[in-house]
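Index from 1, following the sequence. Atoms within a ligand are numbered from 1 in the order they appear, just like the ligands themselves.
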Amino acid sequence: MISEQELNKKIQEAKGYLNERITVTPEFGIILGSGLGKLADLAENSIVIKYEDIPHFPVSTVAGHSGKLIVGKIASKTVMMMQGRFHYYEGYEMNEVTFPVRLMQVLGIKNLIVTNAAGGVNKEYKPGDLVLIEDHLNLMGVNPLRGANVSDFGPRFPDLSEAYDHKWREKAIELMPTMGLEPKRGVYAAVSGPSYETPAEIRYLRTIGADLVGMSTAPEVIVANHGGMKVLGISCVTNMAAGVLPEKLSHNEVIATTQRIEQQFVGFVKSLISILD
Ligand code: HPA
(Lines give C-alpha, C1' and ligand atoms only; values in the text may rest on other atoms or scores of the structure.)
Protein backbone atom coordinates (compact mmCIF):
# COMPACT_ATOMS: atom_id res chain seq x y z
CA MET A 1 0.00 0.00 0.00
CA ILE A 2 1.20 3.50 -0.84
CA SER A 3 2.40 5.51 2.17
CA GLU A 4 0.74 8.77 3.13
CA GLN A 5 3.95 10.72 2.37
CA GLU A 6 4.15 9.16 -1.07
CA LEU A 7 0.50 9.93 -1.86
CA ASN A 8 0.88 13.50 -0.63
CA LYS A 9 3.99 13.97 -2.79
CA LYS A 10 2.19 12.66 -5.87
CA ILE A 11 -0.80 14.90 -5.24
CA GLN A 12 1.44 17.94 -4.81
CA GLU A 13 3.28 17.20 -8.07
CA ALA A 14 -0.01 16.80 -9.96
CA LYS A 15 -1.24 20.04 -8.37
CA GLY A 16 1.93 21.84 -9.48
CA TYR A 17 1.35 20.69 -13.05
CA LEU A 18 -2.27 21.87 -13.07
CA ASN A 19 -1.50 25.17 -11.36
CA GLU A 20 0.69 26.09 -14.32
CA ARG A 21 -2.28 25.60 -16.64
CA ILE A 22 -5.25 26.84 -14.66
CA THR A 23 -5.47 30.45 -13.57
CA VAL A 24 -8.69 30.44 -11.53
CA THR A 25 -9.82 27.98 -8.88
CA PRO A 26 -12.87 26.18 -10.25
CA GLU A 27 -16.03 26.51 -8.15
CA PHE A 28 -17.17 22.99 -8.94
CA GLY A 29 -15.55 19.67 -9.58
CA ILE A 30 -17.78 17.39 -11.65
CA ILE A 31 -17.32 13.66 -12.16
CA LEU A 32 -19.05 12.74 -15.38
CA GLY A 33 -20.46 9.22 -15.27
CA SER A 34 -21.37 7.14 -18.29
CA GLY A 35 -23.47 9.18 -20.68
CA LEU A 36 -22.69 12.60 -19.32
CA GLY A 37 -19.50 13.18 -21.26
CA LYS A 38 -21.21 15.73 -23.52
CA LEU A 39 -21.49 18.21 -20.65
CA ALA A 40 -17.85 18.92 -21.37
CA ASP A 41 -18.82 20.21 -24.84
CA LEU A 42 -20.77 23.04 -23.18
CA ALA A 43 -17.71 24.44 -21.46
CA GLU A 44 -16.61 27.84 -22.74
CA ASN A 45 -12.95 28.89 -22.92
CA SER A 46 -12.09 25.37 -22.01
CA ILE A 47 -8.70 23.93 -21.29
CA VAL A 48 -8.45 20.20 -21.96
CA ILE A 49 -5.81 18.21 -20.14
CA LYS A 50 -5.27 14.55 -20.92
CA TYR A 51 -5.01 12.32 -17.87
CA GLU A 52 -1.80 10.84 -19.21
CA ASP A 53 -0.15 14.27 -19.17
CA ILE A 54 -0.82 14.85 -15.45
CA PRO A 55 1.95 13.48 -13.23
CA HIS A 56 0.82 10.37 -11.30
CA PHE A 57 -2.76 10.56 -12.60
CA PRO A 58 -4.19 7.11 -13.27
CA VAL A 59 -5.17 6.37 -16.88
CA SER A 60 -8.66 5.21 -17.89
CA THR A 61 -9.20 1.77 -19.44
CA VAL A 62 -12.97 1.38 -19.93
CA ALA A 63 -14.48 1.76 -23.41
CA GLY A 64 -16.66 4.88 -23.53
CA HIS A 65 -14.59 6.72 -20.91
CA SER A 66 -12.14 8.99 -22.61
CA GLY A 67 -9.85 10.29 -19.88
CA LYS A 68 -9.66 14.08 -19.88
CA LEU A 69 -9.83 16.85 -17.35
CA ILE A 70 -11.74 19.81 -18.77
CA VAL A 71 -11.69 23.20 -17.12
CA GLY A 72 -14.02 25.86 -18.45
CA LYS A 73 -17.12 27.96 -17.85
CA ILE A 74 -20.62 26.54 -17.69
CA ALA A 75 -23.51 28.81 -16.67
CA SER A 76 -20.92 31.53 -15.86
CA LYS A 77 -19.17 29.32 -13.33
CA THR A 78 -15.74 27.80 -13.65
CA VAL A 79 -15.88 24.03 -13.41
CA MET A 80 -13.37 21.20 -13.58
CA MET A 81 -14.85 18.11 -15.18
CA MET A 82 -13.49 14.60 -15.12
CA GLN A 83 -14.43 12.89 -18.35
CA GLY A 84 -13.77 9.28 -17.44
CA ARG A 85 -13.53 7.99 -13.88
CA PHE A 86 -11.55 5.15 -12.34
CA HIS A 87 -13.49 2.15 -11.12
CA TYR A 88 -12.33 -0.23 -8.43
CA TYR A 89 -13.39 -3.17 -10.64
CA GLU A 90 -10.82 -2.14 -13.24
CA GLY A 91 -8.13 -3.08 -10.75
CA TYR A 92 -7.18 0.38 -9.51
CA GLU A 93 -6.30 0.81 -5.86
CA MET A 94 -8.63 3.03 -3.85
CA ASN A 95 -6.03 5.80 -3.69
CA GLU A 96 -6.04 5.80 -7.51
CA VAL A 97 -9.85 5.74 -7.74
CA THR A 98 -9.99 8.80 -5.50
CA PHE A 99 -6.80 10.55 -6.69
CA PRO A 100 -8.72 13.07 -8.85
CA VAL A 101 -10.98 14.11 -5.95
CA ARG A 102 -7.96 14.62 -3.70
CA LEU A 103 -6.42 16.69 -6.43
CA MET A 104 -9.57 18.81 -6.68
CA GLN A 105 -9.44 19.31 -2.93
CA VAL A 106 -5.84 20.50 -2.88
CA LEU A 107 -6.56 22.80 -5.84
CA GLY A 108 -9.08 24.52 -3.56
CA ILE A 109 -12.30 23.17 -5.12
CA LYS A 110 -15.01 23.14 -2.46
CA ASN A 111 -17.94 21.66 -4.33
CA LEU A 112 -18.35 18.32 -6.07
CA ILE A 113 -21.09 17.02 -8.35
CA VAL A 114 -20.88 13.25 -8.89
CA THR A 115 -22.92 11.41 -11.47
CA ASN A 116 -23.24 7.76 -12.31
CA ALA A 117 -25.19 5.06 -14.11
CA ALA A 118 -27.04 2.79 -11.70
CA GLY A 119 -29.39 -0.15 -11.58
CA GLY A 120 -32.86 0.53 -10.20
CA VAL A 121 -33.44 -1.49 -7.03
CA ASN A 122 -36.52 0.51 -6.06
CA LYS A 123 -39.37 -0.86 -8.15
CA GLU A 124 -40.95 2.59 -8.49
CA TYR A 125 -38.06 3.69 -10.68
CA LYS A 126 -37.86 3.15 -14.40
CA PRO A 127 -34.93 3.19 -16.81
CA GLY A 128 -34.10 6.75 -17.75
CA ASP A 129 -35.04 8.24 -14.35
CA LEU A 130 -32.64 10.72 -12.79
CA VAL A 131 -32.40 10.25 -9.04
CA LEU A 132 -30.83 12.53 -6.43
CA ILE A 133 -28.62 10.47 -4.13
CA GLU A 134 -29.57 11.12 -0.51
CA ASP A 135 -27.16 8.69 1.09
CA HIS A 136 -25.06 5.64 0.26
CA LEU A 137 -24.25 2.16 1.50
CA ASN A 138 -20.58 1.46 0.92
CA LEU A 139 -20.56 -2.29 0.28
CA MET A 140 -17.33 -2.34 -1.69
CA GLY A 141 -15.55 -4.05 1.18
CA VAL A 142 -12.91 -1.33 1.39
CA ASN A 143 -12.70 2.26 2.53
CA PRO A 144 -10.54 4.69 0.55
CA LEU A 145 -9.30 6.27 3.80
CA ARG A 146 -7.80 3.04 5.12
CA GLY A 147 -4.16 3.50 6.09
CA ALA A 148 -2.31 6.29 7.81
CA ASN A 149 -4.28 9.51 7.80
CA VAL A 150 -2.85 12.63 6.16
CA SER A 151 -4.11 15.24 8.61
CA ASP A 152 -3.58 18.00 6.02
CA PHE A 153 -6.26 16.28 3.95
CA GLY A 154 -8.79 15.73 6.73
CA PRO A 155 -9.57 14.07 10.08
CA ARG A 156 -8.88 10.43 10.98
CA PHE A 157 -12.56 9.66 11.59
CA PRO A 158 -14.59 11.88 9.29
CA ASP A 159 -18.32 12.31 9.87
CA LEU A 160 -20.57 11.12 7.04
CA SER A 161 -23.96 12.05 8.54
CA GLU A 162 -24.63 14.32 5.58
CA ALA A 163 -22.36 12.95 2.91
CA TYR A 164 -24.66 14.42 0.25
CA ASP A 165 -25.58 18.02 1.05
CA HIS A 166 -29.21 18.28 2.06
CA LYS A 167 -29.80 21.87 0.90
CA TRP A 168 -28.28 21.22 -2.50
CA ARG A 169 -30.35 18.09 -2.93
CA GLU A 170 -33.57 19.90 -2.10
CA LYS A 171 -32.70 22.69 -4.56
CA ALA A 172 -32.12 20.04 -7.21
CA ILE A 173 -35.41 18.33 -6.35
CA GLU A 174 -37.27 21.65 -6.72
CA LEU A 175 -35.66 22.20 -10.09
CA MET A 176 -36.71 18.82 -11.51
CA PRO A 177 -40.40 19.46 -12.33
CA THR A 178 -39.49 22.74 -14.03
CA MET A 179 -37.41 20.67 -16.44
CA GLY A 180 -40.00 17.99 -17.05
CA LEU A 181 -38.31 15.57 -14.65
CA GLU A 182 -40.03 13.63 -11.89
CA PRO A 183 -38.40 14.46 -8.53
CA LYS A 184 -36.78 11.32 -7.16
CA ARG A 185 -34.42 10.60 -4.29
CA GLY A 186 -32.70 7.42 -3.26
CA VAL A 187 -30.01 5.55 -1.38
CA TYR A 188 -27.14 4.31 -3.56
CA ALA A 189 -25.54 0.98 -2.75
CA ALA A 190 -21.94 0.85 -3.98
CA VAL A 191 -20.68 -2.62 -4.84
CA SER A 192 -17.31 -3.58 -6.28
CA GLY A 193 -18.50 -5.32 -9.48
CA PRO A 194 -17.72 -6.04 -12.25
CA SER A 195 -20.36 -8.79 -12.37
CA TYR A 196 -23.86 -7.46 -12.05
CA GLU A 197 -25.70 -8.58 -8.93
CA THR A 198 -27.73 -11.75 -8.53
CA PRO A 199 -31.49 -11.39 -7.95
CA ALA A 200 -30.90 -12.56 -4.34
CA GLU A 201 -28.33 -9.80 -3.85
CA ILE A 202 -30.80 -7.26 -5.18
CA ARG A 203 -33.49 -8.48 -2.75
CA TYR A 204 -30.92 -8.17 0.03
CA LEU A 205 -29.98 -4.63 -1.08
CA ARG A 206 -33.64 -3.62 -1.14
CA THR A 207 -34.12 -5.03 2.36
CA ILE A 208 -31.21 -3.05 3.76
CA GLY A 209 -32.51 0.20 2.29
CA ALA A 210 -30.98 0.57 -1.17
CA ASP A 211 -32.87 2.19 -4.04
CA LEU A 212 -29.99 2.18 -6.51
CA VAL A 213 -26.97 -0.02 -7.10
CA GLY A 214 -23.74 0.84 -8.87
CA MET A 215 -20.00 0.28 -8.98
CA SER A 216 -18.64 3.76 -8.26
CA THR A 217 -19.26 7.01 -6.40
CA ALA A 218 -19.00 5.97 -2.73
CA PRO A 219 -15.16 6.11 -2.67
CA GLU A 220 -15.06 9.54 -4.31
CA VAL A 221 -17.78 10.85 -1.99
CA ILE A 222 -16.01 9.53 1.12
CA VAL A 223 -12.78 11.27 0.11
CA ALA A 224 -14.63 14.48 -0.81
CA ASN A 225 -16.26 14.53 2.63
CA HIS A 226 -12.92 13.82 4.29
CA GLY A 227 -11.60 16.86 2.44
CA GLY A 228 -14.51 19.04 3.55
CA MET A 229 -16.13 19.28 0.11
CA LYS A 230 -19.86 19.70 -0.39
CA VAL A 231 -21.35 16.93 -2.53
CA LEU A 232 -24.33 16.52 -4.83
CA GLY A 233 -24.88 13.08 -6.36
CA ILE A 234 -27.11 12.12 -9.26
CA SER A 235 -27.76 8.63 -10.62
CA CYS A 236 -29.20 7.84 -13.99
CA VAL A 237 -31.22 4.64 -13.71
CA THR A 238 -29.96 2.82 -16.78
CA ASN A 239 -31.68 -0.52 -16.13
CA MET A 240 -33.80 -2.23 -13.55
CA ALA A 241 -31.56 -4.27 -11.23
CA ALA A 242 -31.26 -8.05 -11.58
CA GLY A 243 -34.46 -9.99 -10.98
CA VAL A 244 -36.79 -6.99 -11.13
CA LEU A 245 -37.74 -7.73 -14.74
CA PRO A 246 -37.56 -11.06 -16.58
CA GLU A 247 -34.87 -9.77 -18.98
CA LYS A 248 -31.16 -10.28 -18.39
CA LEU A 249 -28.89 -7.32 -17.76
CA SER A 250 -26.46 -6.08 -20.36
CA HIS A 251 -23.93 -3.31 -20.63
CA ASN A 252 -25.52 -2.46 -24.00
CA GLU A 253 -28.76 -1.59 -22.24
CA VAL A 254 -26.84 0.62 -19.82
CA ILE A 255 -25.18 2.47 -22.70
CA ALA A 256 -28.43 2.74 -24.69
CA THR A 257 -30.23 4.37 -21.74
CA THR A 258 -27.42 6.82 -21.04
CA GLN A 259 -27.50 7.83 -24.71
CA ARG A 260 -31.28 8.24 -24.69
CA ILE A 261 -31.19 10.43 -21.60
CA GLU A 262 -27.96 12.32 -22.26
CA GLN A 263 -29.49 15.60 -23.47
CA GLN A 264 -31.82 15.79 -20.47
CA PHE A 265 -29.07 14.81 -18.04
CA VAL A 266 -26.68 17.40 -19.45
CA GLY A 267 -29.40 20.09 -19.37
CA PHE A 268 -30.23 19.26 -15.76
CA VAL A 269 -26.62 19.42 -14.59
CA LYS A 270 -26.10 22.69 -16.45
CA SER A 271 -29.11 24.24 -14.68
CA LEU A 272 -27.87 22.88 -11.37
CA ILE A 273 -24.51 24.56 -11.85
CA SER A 274 -26.31 27.87 -12.38
CA ILE A 275 -28.45 27.62 -9.22
CA LEU A 276 -26.11 25.96 -6.70
CA ASP A 277 -23.70 27.98 -4.60
N1 HPA B 1 -25.73 -2.96 -11.12
C2 HPA B 1 -24.53 -2.42 -10.81
N3 HPA B 1 -24.03 -1.37 -11.45
C4 HPA B 1 -24.75 -0.84 -12.44
C5 HPA B 1 -25.99 -1.35 -12.82
C6 HPA B 1 -26.52 -2.48 -12.11
O7 HPA B 1 -27.61 -2.98 -12.38
N8 HPA B 1 -26.44 -0.59 -13.85
C9 HPA B 1 -25.49 0.36 -14.08
N10 HPA B 1 -24.47 0.21 -13.23
Original post:
Counting heavy atoms not belonging to Tyr17, are there more than 12 under 6.0 Å from its OH?
Top reply: yes
Original post:
Does Thr98 use its side chain to pair, donor to acceptor, with the backbone of Val101 at less than 3.5 Å?
Top reply: no
**OP:** Report the nearest protein non-hydrogen atom to atom 10 (N) of ligand 1: residue, atom name, distance rounded to 0.1 Å.
**Re:** Ala117 O, 3.5 Å
**OP:** If the plane angle is over 60° it's perpendicular, under 30° parallel, otherwise tilted; pick one for Phe57 and Tyr51.
**Re:** tilted
**OP:** Look at the aromatic rings of His136 and Tyr164 and report parallel, tilted or perpendicular, splitting at 30° and 60°.
**Re:** perpendicular
Subject >> Subset of ligand 1 atoms that lie under 4.0 Å from at least one heavy atom of Asn239 >> reply: 5 (C), 6 (C), 7 (O), 8 (N), 9 (C)
Original post:
Can a salt bridge be assigned to the pair Glu197 and Arg203 using a cut-off of 4.0 Å between side-chain N and carboxylate O?
Top reply: no
Original post:
What atoms in ligand 1 come closer than 4.0 Å to a heavy atom of Glu197?
Top reply: 1 (N), 2 (C), 6 (C), 7 (O)
Subject >> Identity and separation of the nearest protein heavy atom to atom 4 (C) of ligand 1 >> reply: Val213 O, 3.7 Å
Original post:
Is Ala242 touching ligand 1 with its side chain, its backbone, both, or neither, if touching means heavy atoms under 4.0 Å apart?
Top reply: neither
Original post:
Which ligand 1 atoms are under 4.0 Å away from a heavy-atom of Thr238?
Top reply: 8 (N), 9 (C)
Original post:
Counting from 1, what ligand 1 atoms have a heavy atom of Leu249 closer than 4.0 Å?
Top reply: 7 (O)
Original post:
Tell me: protein heavy atom nearest atom 3 (N) of ligand 1, and distance?
Top reply: Gly214 CA, 3.4 Å
Original post:
Pick one: which of Arg156, Arg102, Gln105 meets side chain to side chain donor-acceptor pair (under 3.5 Å) with His226?
Top reply: Arg102
Original post:
More than 12 foreign heavy atoms under 6.0 Å from NZ of Lys110: is that the case here?
Top reply: no
**OP:** Starting from atom 5 (C) of ligand 1, find the nearest protein heavy-atom neighbour and note its residue, name and distance.
**Re:** Gly119 N, 3.4 Å
